[in-house]
Amino acid sequence: MSITIIAEAGVNHNGSMELAKRMVLEAKWAGADYIKFQTFVPQKLVSRFAKKAAYQQKNTKKEESQLRMLESLALSNEDFIELKVFCGETGIGFLSTPFDADSIAFLDSLEIDFWKLPSGEMTNLPYLELIARTGRRVVMSTGMCELSEIEDAIRVLEENGAGELTVLHCNTEYPTPFSDVNLLAMRQMAEYLKKPVGYSDHTVGTEVALAAAALGAVIIEKHFTLDRTMEGPDHLASLEPKELAGMIKAIRNIEASLGDGRKRRTASEQKNCEVARKSIVAGRKIGAGEVFTEENLTVKRPGTGISPMRWYDILGTKALRDYDEDELID
């Protein structure tokens, strides 16, 4: 099964439809399967007293509430309808993460392929119930979660009719310190939860996402931006288009290289057996009737003669003809 790659646009369009459409084009060019936005009604997502996260404050450099920041980043329902059509015309899948009940109902009406749930909603029981009752497939990030909290979320989703579930290992710090990635947790999640596991990456660069692909992630999600120097909460922890394209190409190469897990000689290397392997050859001139010994035999390339694995079968037998030095023993 091919790794699904989600290019996370999030709010990196800065509230501009022009930028959002450019991001759609760049995500398609880079080779992503989906581009994902965020759909929310600011007043229903945060209270007017909510402060910005430390990384949001650092990256926006504005003294404002989280609500004011989100109001400047929100797109309208009409915008998302237009973006979904534009994604279809461009040839890339459209996704958006909902953050409130109204946004869930709206996105459900757009017939999206699956829900991509954010880490922050994993402990939101009413939200999970609404998502589950749509019956759609669910992919959920698990940043900030203990394993027991993921289990609780899965139970709520399954008890309320959700479709197939996939869990994404994630760390909700922007950017995530490499020492906090804990990528091997993917293995525990797969074994314990008995669900397909992927990875949502918030680290700087691409190496962790590539390692996740090598560890068997079925989905890779990565933030991207048109320009990392733009003002906004998530730009600094995002890839630019050329970096995104490089990551996707590398993931596809890793995907192809994983194979089926069975060790065997491949067709591409078969032709090199004769060149790289060795055979038993005469170490000096040998006369007919002479006994083969460790003194008159040796092992050299090519591998077109008797395998050195039969060394002790040949020792002690007699030469049936004359051999020149380096001649293959037959």
Side-chain angles (χ1 to χ4, degrees), residues 1-10 12 23-36 55 92-93 95 97 113-114 116-119 139-145 150 166-193 195-229 234-263 266 268-269:
M1 182 175 68
S2 180
I3 298 172
T4 299
I5 299 176
I6 301 173
E8 165 70 277
N12 280 344
M23 295 187 81
V24 170
L25 296 173
E26 294 289 358
K28 171 62 178 177
W29 170 81
D33 298 300
Y34 289 91
I35 183 170
K36 187 182 80 67
Y55 78 90
I92 189 171
L95 293 173
T97 290
D113 289 351
F114 58 88
K116 170 54 185 62
L117 307 189
S119 297
V139 175
M140 57 184 189
S141 288
T142 58
M144 305 176 290
C145 285
I150 304 173
T166 301
V167 292
L168 305 187
H169 177 49
C170 179
N171 180 289
T172 308
E173 178 58 275
Y174 300 82
T176 301
F178 291 112
S179 59
D180 277 357
V181 171
N182 192 23
L183 202 56
L184 291 179
M186 287 173 54
R187 292 177 176 173
Q188 183 195 33
M189 292 168 65
E191 293 171 5
Y192 192 80
L193 300 172
K195 301 294 181 186
V197 173
Y199 178 60
S200 180
D201 187 30
H202 297 141
T203 63
V204 173
T206 62
E207 55 263 54
V208 178
L210 302 185
L215 285 174
V218 298
I219 294 174
I220 299 288
E221 179 182 60
K222 183 73 173 179
H223 279 267
F224 88 107
T225 178
L226 296 176
D227 183 349
R228 211 164 20 244
T229 65
D234 297 336
H235 294 289
L236 284 176
S238 303
L239 298 179
E240 293 182 349
K242 288 184 179 179
E243 296 168 322
L244 179 66
M247 184 196 79
I248 292 173
K249 181 179 179 181
I251 287 174
R252 295 306 182 208
N253 290 341
I254 290 169
E255 185 176 30
S257 72
L258 289 175
D260 60 12
R262 294 188 295 115
K263 177 58 182 174
T266 66
S268 66
E269 64 183 348

**Student:** Mind checking the NE2-OG1 spacing from His223 to Thr225? Nearest 0.5 Å is all I need.
**Tutor:** 11.0 Å
**Student:** Under the criterion side-chain contact (heavy atoms from CB on, under 4.5 Å), which of Ile5, Val197, Asp33, Leu168 is the partner of Ile219?
**Tutor:** Leu168
**Student:** Identify, with sequence neighbours excluded, every residue that meets side-chain hydrogen bond (donor to acceptor under 3.5 Å, both in side chains) alongside Asp113.
**Tutor:** Tyr34
**Student:** Where do Tyr174 and Leu236 land on the side-chain contact (heavy atoms from CB on, under 4.5 Å) test, with the steps shown first?
**Tutor:** CA-CA 8 Å; Tyr174 300 82; Leu236 284 176; over 6 Å; no
**Student:** Does a donor on one side chain sit under 3.5 Å from an acceptor on the other, for Ser238 and Asn12?
**Tutor:** yes
**Student:** Kindly say whether Val181 contributes a backbone atom to a donor-acceptor pair with the side chain of His169 at under 3.5 angstrom?
**Tutor:** yes
**Student:** Under 3.5 Å, is there a donor-acceptor pair between the side chain of His202 and the main chain of Asn171?
**Tutor:** yes
**Student:** Counting only N and O atoms by type, is there a donor-acceptor contact under 3.5 Å from the side chain of Glu191 to the main-chain atoms of Gln188?
**Tutor:** no
**Student:** Tell me, with the steps shown, if Val167 and Ile150 meet side-chain contact (heavy atoms from CB on, under 4.5 Å).
**Tutor:** CA-CA 9 Å; Val167 292; Ile150 304 173; 4.2 Å; yes
**Student:** Given the rule in the side-chain contact (heavy atoms from CB on, under 4.5 Å) test, do Lys242 and Trp29 qualify, once you have shown the distances and angles that lead to the verdict?
**Tutor:** CA-CA 9 Å; Lys242 288 184 179 179; Trp29 170 81; 4.1 Å; yes
**Student:** Could you measure the distance from the CG atom of Leu215 to the CD1 atom of Ile254? Nearest 0.5 Å is fine.
**Tutor:** 10.0 Å
**Student:** Looking at every non-hydrogen atom in both residues, tell me the closest pair between Ser2 and Arg252 and how far apart they are.
**Tutor:** OG-NH1, 3.4 Å
**Student:** Can you tell me how far the CE atom of Met140 sits from the OG1 atom of Thr97, to the nearest 0.5 Å?
**Tutor:** 13.5 Å
**Student:** Check Val218 against Pro196 and note the closest heavy-atom contact, atom names and distance.
**Tutor:** CG2-CB, 4.0 Å
**Student:** So, Ser141 side chain and Gly143 main chain: donor-acceptor pair closer than 3.5 Å or not?
**Tutor:** no
**Student:** What I want to check is whether the side chains of Thr166 and Lys195 have a donor and an acceptor closer together than 3.5 Å.
**Tutor:** no
**Student:** For residues 198-212, which residue pairs pass the salt bridge (Lys or Arg N to Asp or Glu O under 4.0 Å) check, not counting sequence neighbours?
**Tutor:** Asp201-Lys222
**Student:** Enter the distance from Ile6:CD1 to Ile220:CD1 here, rounded to the nearest 0.5 Å.
**Tutor:** 9.5 Å
**Student:** Where is the tightest heavy-atom contact between Ala211 and Leu183, given as atom of each residue plus distance?
**Tutor:** CB-CD2, 3.6 Å
**Student:** Considering all heavy atoms of both residues, which atom of Ser200 and which atom of Glu221 are nearest to each other, and what is their separation?
**Tutor:** OG-OE1, 2.6 Å
**Student:** Judged by atom type as modelled, is there a donor-acceptor pair below 3.5 Å linking the side chain of Arg228 to the main-chain atoms of Ala237?
**Tutor:** no
**Student:** Would you indicate whether Phe178, at its atom CZ, is surrounded by more than 12 heavy atoms from other residues, nucleotides or ligands within a distance under 6.0 Å?
**Tutor:** yes
**Student:** In sequence, state the C-alpha distance, the side-chain angles, and the governing distance for His235 and Thr229, and then conclude on side-chain contact (heavy atoms from CB on, under 4.5 Å).
**Tutor:** CA-CA 7 Å; His235 294 289; Thr229 65; over 6 Å; no
**Student:** For Glu240, does its backbone N or O pair with a side-chain atom of Glu243 as donor and acceptor, under 3.5 Å?
**Tutor:** yes
**Student:** Partners of Asp180 by side-chain hydrogen bond (donor to acceptor under 3.5 Å, both in side chains), sequence neighbours excluded?
**Tutor:** none
**Student:** Is any NZ, NE, NH1 or NH2 atom of the basic residue among Lys116 and Glu8 found under 4.0 Å from an Asp or Glu carboxylate oxygen of the other?
**Tutor:** no
**Student:** What are the two closest non-hydrogen atoms of Ala217 and Ile3, and how far apart are they?
**Tutor:** O-CG1, 3.4 Å
**Student:** Locate the shortest heavy-atom distance separating Leu239 from Met247; write the atom from each residue and the value.
**Tutor:** CD1-SD, 3.9 Å
